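Here's the structure we're looking at; comments come further down.
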2 protein chains.
Amino acid sequence: MPDIQPDKAAVAQQIRHLQDTLYVVNGKWKLPILVAIHQGNSRFRDIQRSVQGITTKVLSTELKALEQNKLVVRRVYDTSPPTVEYTTSSYCDTLQTMILEMIAWGKNHHDRIREE
Amino acid sequence: MPDIQPDKAAVAQQIRHLQDTLYVVNGKWKLPILVAIHQGNSRFRDIQRSVQGITTKVLSTELKALEQNKLVVRRVYDTSPPTVEYTTSSYCDTLQTMILEMIAWGKNHHDRIREE
DNA sequence: ATATCTGGCATCCTTTAGGTAACTGGTATA
DNA sequence: TATACCAGTTACCTAAAGGATGCCAGATAT
């Protein structure tokens, strides 16, 4: 009667990976912000306008978190007043397929809910 | 000079789909719970043991939310004491590729962090 | 007889996420 | 001269998420 169940260990491992991902992209705003930036909105106000309903404060703190996790790059240009530009990092590109899957599921889900 | 920018509208639409998805699966626990159940943990305590660190209270409320969103099915059998069984719905299966992408990214990310 | 398992519920508490509103300094525009 | 834009910051607040602890009743295992 074996004590070690490799299946359970593998499942636990998968769950941990999932939790690692969630730790980085969790919350209402992070992924929407990434999409907005990725699609060409590099300025603070442009991002805010793209992501419906977000406030300056929340956007500001989320951008800092994303920068810390190296998903977003912030560049300040020495103009007057300073111009600030946000872009997604190349590391952020590794999230692409995941995000596309999430968008696809959301679309599908929305259609399904409407049908009810 | 056109006022309507179809690109911006399309981006906004994608972001909305993403937000729909997040509305359903957001939070620290929902996806890990789904994986645990999907991998064959049908009993309350089994799920709890699979998802490291979750309390009975949180698990209980999350399961209710997942049931409401039709991702999980709860069945009670008339044994004594009653046996309760949780399974993922067929609708939940539509989340599979998305979740696998998230697991894969988490694994990758974890490896990357360790290297630093 | 005692301990432990099951599937939770109730209560209380802390933490975090998120929201509101006001404000800043510098610039450009009307 | 007044207004608006930019990129935020600060202080305050609420709501939701999450955590700790204790409990229940029926059953099974020691």
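Below, read A as the first sequence line, B as the second, and so on, with proteins coming before strands; counting in each chain starts at 1. Please read all numbers here as calculations on a predicted model, not as lab measurements.
- Residue-to-nucleotide proximity on DNA chain C shows that, of G27(A) and D46(B), the 5′-proximal contact is made by D46(B).
- S60(B) contributes no side-chain N or O that forms a donor-acceptor pair with the base of dC9(C) under 3.5 Å.
- In the set dT27(C), dC9(C), dG26(D), dC9(C) carries the atom at the smallest distance from any side-chain atom of T56(B).
- Comparing N26(A) and R74(A), the nucleotide of DNA chain D nearest to each residue sits closer to the 5' end for R74(A).
- In this structure, R49(B) reaches the sugar-phosphate backbone alone: every heavy-atom distance under 4.0 Å involves primed, P, OP1 or OP2 atoms, never a base.
- Residue contacts for K64(A): at a heavy-atom cut-off of 4.0 Å it reaches the sugar-phosphate backbone alone, with no base atom in range.
- Using a 4.0 Å heavy-atom criterion, one finds that Q48(A) contacts no nucleic acid atom at all.
- The backbone N or O of V84(A) lies less than 3.5 Å from a partner atom in the side chain of R43(A), making a donor-acceptor pair.
- Within the 4.0 angstrom heavy-atom criterion, base atoms lie near K57(B).
- Dashed line: the shortest gap from a side-chain N or O of S80(A) to OP1 or OP2 of dT27(C) is under 4.0 Å.
- Taking the six-membered ring where the residue is Trp, H109(B) and Y91(A) present parallel rings, their angle staying beneath 30° rather than reaching 60°.
- Counting any heavy atom pair closer than 4.0 Å across all strands shown, T55(A) reaches a base atom.
- Note: NZ (K28(B)) to P (dG18(D)) measures 7 Å, nearest angstrom.
- Distance alone, capped at 3.5 Å, is enough to place a donor-acceptor pair between the S50(B) side chain and the D46(B) backbone.
- Minimum atom distance to the side chain of V84(B) is reached by dG8(C), of the listed dG8(C), dG19(C), dG18(D).
- L59(A) has its CG atom 13 Å from the P atom of dG18(C), to the nearest Å.
- Here the P atom of nucleotide dG8(D) and the CD1 atom of I47(A) are 9 Å apart, to the nearest Å.
- Taking atom CD of residue E62(B) and atom P of nucleotide dA16(D), one finds them 14 Å apart after rounding to whole Å.
- As rounded to whole Å, 14 Å separates atom C1' of dA17(C) from atom OH of Y23(A).
- H17(A) is linked by a ring pair (Phe, Tyr, Trp, His ring centres under 6.0 Å) to nothing, counting only residues two or more places apart in sequence or in another chain.
- At a threshold of 4.0 angstrom between heavy atoms, the contacts of E85(A) with the nucleic acid are absent.
- With rounding to whole Å, W29(B) atom CH2 is found 8 Å from dG18(D) atom P.
- Across all strands shown, T61(B) has no heavy atoms under 4.0 Å from either base or sugar-phosphate atoms.
- The side chain of P81(B) has dA27(D) as its nearest neighbour among dA27(D), dG19(C), dG18(D).
- For the pairing with I33(B), the side chain to side chain contact (heavy atoms under 4.5 Å, CB included) check across Q48(B), E62(B), H38(B) returns one residue only, E62(B).
- For an aromatic pair to be called close, the ring centres must be under 6.0 Å apart, and Y23(B) with W105(A) fails this.
- Between Y77(B) atom OH and dG8(C) atom C1' there is a gap of 18 Å when expressed in whole angstrom units.
- Set against dC6(D), dG8(D), dG26(C), the side chain of Y86(A) has dG8(D) as its closest nucleotide.
- Look at CG on L63(A): it is 14 Å from C1' on dT9(D), rounded to the nearest Å.
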